[in-house]
Undergrad: 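Mind having a look at this structure? Questions to follow.
Numbering of ligands and ligand atoms starts at 1, following listing order. Just so it is clear, the values below take in all heavy atoms, side chains as well, and ignore hydrogens, waters and symmetry mates.
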Amino acid sequence: MLRTSVLRLVGRTGASRLPVLEDFGPRYYSSDSLSARDDARDARAYFTTPIFYVNAAPHIGHLYSALLADALCRHRRLRGPKTAATRFSTGTDEHGLKIQQAAAAAGLTPTELCDRVSEHFQQLFQEAGISCTDFIRTTEARHRVAVQHFWGVLKSRGLLYKGVYEGWYCASDECFLPEAKVTRQPGPLGDSFPVSLESGHPVSWTKEENYIFRLSQFREPLQRWLRSNPQAITPEPFHHVVLQWLDEELPDLSVSRRSSHLHWGIPVPGDDSQTIYVWLDALVNYLTVIGYPNAEFKSWWPATSHIIGKDILKFHAIYWPAFLLGAGMSPPQRIYVHSHWTVCGQKMSKSLGNVVDPRTCLNRYTVDGFRYFLLRQGVPNWDCDYYDEKVVKLLNSELADALGGLLNRCTAKRINPSETYPAFCTTCFPSEPGLVGPSVRAQAEDYALVSSVATLPKQVADHYDNFQIYKALEAVSSCVRQTNGFVQRHAPWKLNWESPVDAPWLGTVLHVALECLRVFGTLLQPVTPSLADKLLSRLGVSASERNLGELYFLPRFYGHPCPFEGRRLGPETGLLFPRLDQSRTWLVKAHRT
Ligand code: MSP
């Protein structure tokens with residue numbers, strides 16, 4: 001509605017049009033231009049994280065997977081009421097040999113281990129502000145129903161047959177490996193043992209009669225799907241890798257294990273001597289959550305975005321779409337892939353004793369601080385290295401000093417004694433650059449700032465779409481620096497509210513800086529929800545004014561009324577982000593050799 005009235009106003013007054021997110025591409029037209037059908041399709045979005053193994057406590061890599069999904073989902077919700085129907089699921093993967101073995105090693109029953117560790121994940125996600133709408137455990141009865149139904153569909157379509165499978169099995173990765181993917185690793189006694197070339201985890205030789213899925217039939221359909229949906233797997237290098245895998249032969253896949261060997265799982269319907277392969281079981285969780293096999297699931301499928309780590313790409317980009325196609329369903333709409341966190345250059349592992357506990361980090365750096373760190377530093381295309389000094393440095397410089405300092409400079413009583421959003425003076429800052437006149441105070445760099453912040457929401461949206469959230473945060477951070485430069489350049493602390501010459505310009509400088517802060521606060525909501533709330537509340541921005549669809553930056557500059565002008569700021573609630581103490585004892589020190 002607001003948009004329509006603004007446009008009418010533009011027609012009447014001849015003022016320049018306000019740039020909003022929706023102006024920058026058809027993807028973001030959420031109102032007039034969409035047909036009812038597009039609306040309905042666009043209205044639903046279903047985000048998923050992988051479901052997490054319960055053989056060990058969560059680490060920062062798991063939290064990172066969940067945070068990426070959370071930020072994508074929150075960003076999507078902010079795009080406005082018409083696209084706000086989102087669903088976001090996460091959960092725990094509780095069946096399989098790996099869990100069966102971990103429980104035995106811990107002297108627990110599998111159920112005890114699953115309950116304990118699943119609870120741990122749930123608590124972590126709650127503390128970290130993961131805004132999931134669903135949490136699934138694969139040991140739930142509803143999931144068994146979904147998996148067995150899915151199995152029945154594959155069977156009825158002639159895609160399962162019985163055969164002897166002989167080859168390597170890696171219990172840690174829960175996957176079968178061809179000879180070429182196995183190598184030998186020297187053991188402690190000068191012997192050697194076989195391990196997976198990719199993960200380094202031990203493998204064992206298995207020969208069993210199993211149910212086998214006709215995966216080989218799906219090589220061409222998968223290639224067609226990927227070629228006609230170039231954005232199906234993002235970032236692009238992962239899409240490319242999957243296509244390369246599909247250039248090679250795609251053997252059929254064993255999808256069950258002998259129950260005498262693997263009892264902790266879902267039995268094959270009608271054949272209790274076999275247990276369903278844990279990856280088939282796990283992948284179906286995405287359907288269970290949305291009500292499968294009841295027809296209600298169709299309103300969410302395939303409007304699905306899976307967020308996954310690179311280690312489980314083959315399962316999500318080959319096996320899962322093949323199972324779905326086999327069952328007569330569409331593959332998921334998007335698969336977003338991220339890389340891994342290492343610690344001091346090494347893979348995180350219990351045996352190396354370098355696992356970083358995410359709850360300790362959340363306590364130490366605050367929830368918003370640690371969320372910001374992981375999402376700002378995590379690059380989906382490459383592995384990233386963790387150490388504590390990096391966190392402290394980044395948070396102090398970007399959240400405490402740059403953003404917090406900027407807010408403080410514009411709201412401190414000393415500079416803004418009336419504690420309001422001051423008026424913008426169009427003669428001091430005319431919308432046309434290059435004008436000269438006695439009251440014109442804006443300089444070329446100030447126009448550059450306005451242009452950067454005006455295009456920031458669109459830039460951020462594009463980065464989210466390309467799964468480059470770190471770039472979105474980099475762009476925000478760069479605009480924060482530019483805004484600090486603007487304030488520094490015009491030194492409002494040297495201007496005098498009592499002077500009729502200074503006052504309109506002083507108000508304008510603060511108005512522009514507050515407008516920039518309002519945009520930053522709005523855009524940071526998906527990543528640092530509490531900090532953004534604190535910032536926007538301090539600016540006096542109400543809950544209904546925080547959506548991306550209605551993010552009109554600096555309307556006065558474009559000749560429109562600004563609802564914030566003259567409004568009282570919200571109450572002062574202390575530092576936005578208190579600086580972290582550099583001398584704290586480290587959890588993980590930087591690796592220096
Ligand atoms: N249970 C399977 C997923 C089944 S989904 C149908 C699984 N679980 S996992 O617990 O091993 O991994 C869950 C997610 O955490 C994966 O996306 C994985 O890539 C991610 N990570 C595990 N270690 C990681 C890092 N060191 N860094 C970043 N992400 C990491 O796989």
Undergrad: With atoms numbered from 1 as shown, which atoms in ligand 1 lie under 4.0 angstrom from a non-hydrogen atom of Ser65?
TA: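 The atoms of ligand 1 under 4.0 Å from a heavy atom of Ser65 are 14 (C), 15 (O), 17 (O), 20 (C).
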Undergrad: Does some non-hydrogen atom of Trp279 fall short of 4.0 Å from ligand 1?
TA: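 Checking ligand 1 against Trp279, which is what was asked, there is a heavy-atom contact under 4.0 Å.
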Undergrad: Look at the rings of Tyr64 and His338 and say which category their plane angle falls in: under 30° parallel, 30 to 60° tilted, over 60° perpendicular.
TA: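 Ring orientation of Tyr64 relative to His338: perpendicular.
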Undergrad: Any Lys/Arg nitrogen of Asp271 or Lys162 sitting under 4.0 Å from an Asp/Glu carboxylate oxygen of the other?
TA: yes
Undergrad: Distance to 0.1 Å, residue and atom name: give those for the protein heavy atom nearest to atom 6 (C) of ligand 1.
TA: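 In this structure, atom 6 (C) of ligand 1 has Tyr286 OH, 3.5 Å as its nearest protein heavy atom.
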Undergrad: Checking a contact table here: which protein heavy atom is nearest atom 3 (C) of ligand 1, and how many Å away?
TA: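 Protein heavy atom at minimum distance: Ile51 O, 3.2 Å.
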Undergrad: Relative to the heavy atoms of His316, which atoms of ligand 1 are at a distance of less than 4.0 Å?
TA: 5 (S), 6 (C)
Undergrad: Mind telling me whether His59 and His62 have parallel, tilted or perpendicular rings, with 30° and 60° as the class edges?
TA: parallel
Undergrad: Any salt bridge between Arg334 and Asp465, counting N to O under 4.0 Å?
TA: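 Result for this pair is yes, salt bridge flagged.
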Undergrad: Of all the atoms in ligand 1, which lie at a distance below 4.0 Å from a heavy atom belonging to His59?
TA: 22 (C), 23 (N), 24 (C), 25 (C), 26 (N)
Undergrad: Looking only at distance, does Tyr53 have an N or O less than 3.5 Å from an N or O of ligand 1?
TA: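 Right, the criterion is met.
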Undergrad: Would you check if the distance from the ring center of His306 to the ring center of Tyr336 is below 6.0 Å?
TA: no
Undergrad: Which is closest to atom 16 (C) of ligand 1 in terms of heavy atoms, Val355, Ile312, Ile60, Thr342?
TA: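 Looking at heavy atoms only, Ile312 sits closest to atom 16 (C) of ligand 1.
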Undergrad: For Trp341, is at least one N or O under 3.5 Å away from an N or O on ligand 1?
TA: yes
Undergrad: Distance to 0.1 Å, residue and atom name: give those for the protein heavy atom nearest to atom 12 (O) of ligand 1.
TA: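 Sorting protein heavy atoms by distance from atom 12 (O) of ligand 1 puts His62 CD2, 4.0 Å first.
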Undergrad: Between Trp341, Phe577, Tyr365, Tyr470, which is the residue that forms a ring-ring contact (aromatic ring centres under 6.0 Å, His included) with Phe373?
TA: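 Of Trp341, Phe577, Tyr365, Tyr470, ring-ring contact (aromatic ring centres under 6.0 Å, His included) with Phe373 is met by Trp341 alone.
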Undergrad: Can Asp385 and Lys390 be counted as an ion pair, charged N to O under 4.0 angstrom?
TA: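 No, no charged N to carboxylate O under 4.0 Å.
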Undergrad: In ligand 1, which numbered atoms sit nearer than 4.0 Å to a non-hydrogen atom of Pro50?
TA: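 Close to Pro50: 3 (C), 5 (S), 14 (C), 16 (C), 17 (O).
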Undergrad: What are the atoms of ligand 1, with element, lying closer than 4.0 Å to any heavy atom of Gly61?
TA: 24 (C), 25 (C), 27 (N), 28 (C), 29 (N), 30 (C)
Undergrad: Return the option from Asp93, Asp311, Leu374 holding the heavy atom at the smallest distance from atom 19 (O) of ligand 1.
TA: Asp311
Undergrad: List ligand 1 atoms under 4.0 Å from Met348, heavy atoms only on the residue side.
TA: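 The list of qualifying atoms is 26 (N).
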Undergrad: Say whether Phe315 and ligand 1 are in contact under the criterion: heavy-atom distance to a ligand atom below 4.0 Å.
TA: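 Not so, Phe315 does not reach ligand 1.
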Undergrad: Can you find an N or O of Phe52 that's nearer than 3.5 Å to an N or O of ligand 1?
TA: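 No, since none of the N or O atoms of Phe52 sits under 3.5 Å from an N or O of ligand 1.
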Undergrad: Less than 4.0 Å between a side-chain N and a carboxylate O, is that true for Lys310 and Asp383?
TA: yes
Undergrad: Knowing that exactly one of Trp168, Tyr277, Phe315 qualifies, which makes a ring-ring contact (aromatic ring centres under 6.0 Å, His included) with Phe176?
TA: Tyr277
Undergrad: Consider side chain to side chain contact (heavy atoms under 4.5 Å, CB included). Of Val460, Thr528, Leu375, which one does Leu473 pass it with?
TA: Leu375
Undergrad: Contact between Pro321 and Leu222 at the side-chain level, heavy atoms closer than 4.5 Å - yes or no?
TA: yes
Undergrad: Report, in ascending order of atom number, the atoms of ligand 1 lying under 4.0 Å from any heavy atom of Ser339.
TA: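 So the answer, numbered in order with elements, is 28 (C).
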Undergrad: Please determine whether a side-chain nitrogen of the Lys or Arg among Lys98 and Asp173 lies less than 4.0 Å from a carboxylate oxygen of the Asp or Glu.
TA: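 Here Lys98 does not pair with Asp173 in a salt bridge, since their nearest N and O are not under 4.0 Å apart.
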Undergrad: Within the 4.0 Å heavy-atom shell around Ala282, which atoms of ligand 1 are there?
TA: 6 (C)
Undergrad: Closest non-hydrogen protein atom to atom 17 (O) of ligand 1, residue and atom name please, with distance?
TA: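 Looking at atom 17 (O) of ligand 1, the protein heavy atom closest to it is Gly309 N, 2.8 Å.
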